Amino acid sequence: MTPKRSYSKSTLSLRARLLLWLLVPLGVLALANLALARREARYTADMVQDRLLLGSARIIAQQIQFEDGLLDVAIPPAALELFQSRAQDRVYYRIASPRGVLLSGYAELPSPAEAPRPEESVYFQAEVRGEPVRVVAYAQPVFAAPAEGPVIIEVAQTLQDHDQLVRKLWTTTLRQDLWTLALAGLLIWFALRRGLKDILRLRDEVGRRTPGSLEPLQAGPMPQELQPLVGALNGYIQRLDAQMAVRSRFIANASHQLRTPFAVLQTQASHGLRSADPALKDEALGAMADGVRQGTRLVNQLLTLSRAEAGTLAHRSGERVDLADLAQRVLEEQATLAQSRNIDLGFDRPEGPLTLAAPSAMLHELVANLVDNALCYTPPGGRVTLSLRTAEGGPVLTVEDNGPGIPPADRLRVFERFCRLGSDDTPGCGLGLSIVQEVARALGAEVRLGDPDAGPGLVVTVAFPAGLAG
């Protein structure tokens, strides 16, 4: 049964987010465009109405005559027919003589604040009979009597048709913007579907993987924006593969190495239970205790090796350790084993501290395994010496013994797990130098094997990088 995928209901899809972030700016631009369109619509309506008012005023002006010392004014029908519309606006007019005497029209129509010059016009807003109107005042000179001055002709119209024209122009722009947004959203949606197909292909590639598959992603050509994601996923898969390999090796090594000790323990326990002699029982219990100690050491070494391979021991940062004090503690811990084997365990300690910026647990495992390995392979009555010095800015740790040594041809092989060059009765399980190598690699140190200056034996040198010295 295919497991159900759970997604957060409050989380929008990437496609929806992109669509939203694209449409929101477009919507803001559309609103700004509507505001500008309303202003332009009002400007256009004002211009249309002003031209109609000025045209009507000029038609009236053409009919003004000066006869027998009097001004004669006739309002032609064409002057008012210009304003015919469905809005049924009211039209007012007023003709005043150069001296301000009303010649014709509506007396309540106000005069302009400043009289226009001859053959010029001024526009202003006013109110007539409780309604707002747009007014034009036009100055028409009387050529038959130039001394009289110009006649002021005013024509006004209410704003119903004007406001209808504004609404019509603005509504047209609104519909156009809405259609544009809808079409843009549709086109963006299809573009996102096509543009996100590589992400969907990557999703399908990951979804088709079987549990436990740690192969790198082979998603084919990818856009530049997705290549870092694919690289990060492949890097994570590689690290996870290495981690799983370490775990698998640990399980395999543990099962292989613990099988024999457990079998021996079971045999010893059975022998002790069958025996009625207390001395034989004690002998069996002692052998079992030794087996448990060896098994415990083996498990600890396997865990240390596994953590060193995985790099988990190196995650503690900021710790500063005096390598001389740490080496002193290790030698004190190993003193009992050295004494039981009649081995001279010495320490060539430097005068001052030798500080390293490294986890103390890693350094302890490295030094302890070096000393333990030397004690295990050095015959009774032998000598093991640990020394510390500084070379090329970095600490150098050396463990020298006078045991059988390691032939040059085998010095690379001894770092392999469970590699033992001694006889079968040699204590240990062949993990000491493997642990030393892994810990040194995690710290950036270098392990070298060499011969003593005189006589048989082995010299193991660990050179730490200068960057660890504090």
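Numbers here simply count residues along the sequence, with the first being 1. Just so you know, these numbers come straight off a predicted model, no measurement behind them.
- The two atoms that bring Ala126 and Pro110 nearest to each other are CB-CG, 3.7 Å, heavy atoms only.
- Shown here for Val151 and Ala96, the closest heavy-atom pair between the two residues is CG1-O, 3.1 Å.
- From Leu54, atom CG reaches atom CG of Asp50 across 8.5 Å, with rounding to the nearest 0.5 Å.
- Atom CZ in Arg58 sits 8.5 Å away from atom CD in Glu119 (nearest 0.5 Å).
- Formation of a donor-acceptor pair under 3.5 Å by the Ser56 side chain with backbone atoms of Leu52 is not found in this model.
- In this structure, the side chains of Ile75 and Tyr93 come closer than 4.5 Å at one or more pairs of heavy atoms.
- Of all heavy-atom pairs between Val396 and Ala391, the closest is CG2-CB, 3.8 Å.
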### Query
Stepwise, does the salt bridge (Lys or Arg N to Asp or Glu O under 4.0 Å) test hold for Glu40 with Arg38?
CA-CA 5 Å; Glu40 291 297 323; Arg38 188 170 185 84; over 6 Å; no

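- For the pair Asp177 and Leu31, the minimum side-chain heavy-atom distance is 4.5 Å or more.
- Remark: side-chain polar atoms of Thr158 are paired, donor with acceptor, to backbone N or O of Arg90 under 3.5 angstrom.
- To the nearest 0.5 Å, atom CG of residue Leu366 and atom CE of residue Met362 are 8.5 Å apart.
- Between Leu363 atom CG and Leu443 atom CG the span is 6.0 Å, to the nearest 0.5 Å.
- The shortest distance between side-chain heavy atoms of Asp89 and Leu159 does not fall below 4.5 Å.
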### Message
Run Glu446 and Val462 through side-chain contact (heavy atoms from CB on, under 4.5 Å) and show every step you take.
### Response
CA-CA 6 Å; Glu446 181 184 2; Val462 181; over 6 Å; no

### Task
Take Leu388 and Phe347, measure what side-chain contact (heavy atoms from CB on, under 4.5 Å) needs, and give me the verdict at the end.
CA-CA 9 Å; Leu388 292 173; Phe347 183 26; 4.1 Å; yes

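- For the pair Val460 and Val447, the minimum side-chain heavy-atom distance is below 4.5 Å.
- Contact detail for Ala156 and Leu109: the closest heavy-atom pair is CB-CD1, 3.6 Å.
- A pairwise comparison of heavy atoms in Pro112 and Phe124 identifies CB-CE2, 3.6 Å as the closest pair.
- The main-chain N or O of Gly394 is never found under 3.5 Å from a side-chain atom of Thr390 such that the two would form a donor-acceptor pair.
- Put simply, CD1 on Ile153 and CG on Leu103 are 9.5 Å apart, with the number rounded to the nearest 0.5 Å.
- Leu331 is not listed as a side-chain neighbour of Val367, based on a closest heavy-atom distance of 4.5 Å or more.
- Although no hydrogens or angles enter the test, the distance criterion places no donor-acceptor pair under 3.5 Å between the side chain of Asn33 and the main chain of Leu29.
- Legend: side-chain hydrogen bond (donor to acceptor under 3.5 Å, both in side chains) pairs involving residues 105-115, not counting sequence neighbours, sorted by first then second residue: Arg94-Ser111, Glu108-Arg129.
- Using a 4.5 Å heavy-atom threshold, the side chains of Val459 and Leu449 count as separate.
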### Message
Walk me through whether Arg349 and Asp325 qualify under side-chain contact (heavy atoms from CB on, under 4.5 Å).
### Response
CA-CA 9 Å; Arg349 178 167 182 163; Asp325 288 344; 2.4 Å; yes

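- Side-chain atoms of Val371 and Leu386, non-hydrogen and from C-beta on, do get closer than 4.5 Å to each other.
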### Message
Apply salt bridge (Lys or Arg N to Asp or Glu O under 4.0 Å) to residues Arg441 and Glu438 and explain how you reach the verdict.
### Response
CA-CA 5 Å; Arg441 183 181 292 114; Glu438 292 297 335; 3.1 Å; yes

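- A side-chain donor-acceptor contact under 3.5 Å links Gln49 and Gln157.
- For the pair Trp170 (side chain) and Leu34 (backbone), a donor-acceptor distance under 3.5 Å is present.
- Distance check: Leu323 CG to His364 NE2 gives 12.0 Å after rounding to the nearest 0.5 Å.
- In terms of heavy-atom proximity, Pro116 sits nearest to Ala139 at O-CB, 3.7 Å.
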### Query
When you look at Tyr92 and Val133, which way does the side-chain contact (heavy atoms from CB on, under 4.5 Å) test go after all the steps?
CA-CA 9 Å; Tyr92 303 94; Val133 293; 4.3 Å; yes

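- A heavy-atom distance below 4.5 Å is not found between the side chains of Gln140 and Pro150.
- Of the possible polar contacts, none joining the Asp322 side chain to the Pro353 backbone as a donor-acceptor pair under 3.5 Å is found.
- More than 12 heavy atoms of other residues, nucleotides or ligands lie within 6.0 Å of CD in Glu127, so this atom counts as buried by the packing criterion.
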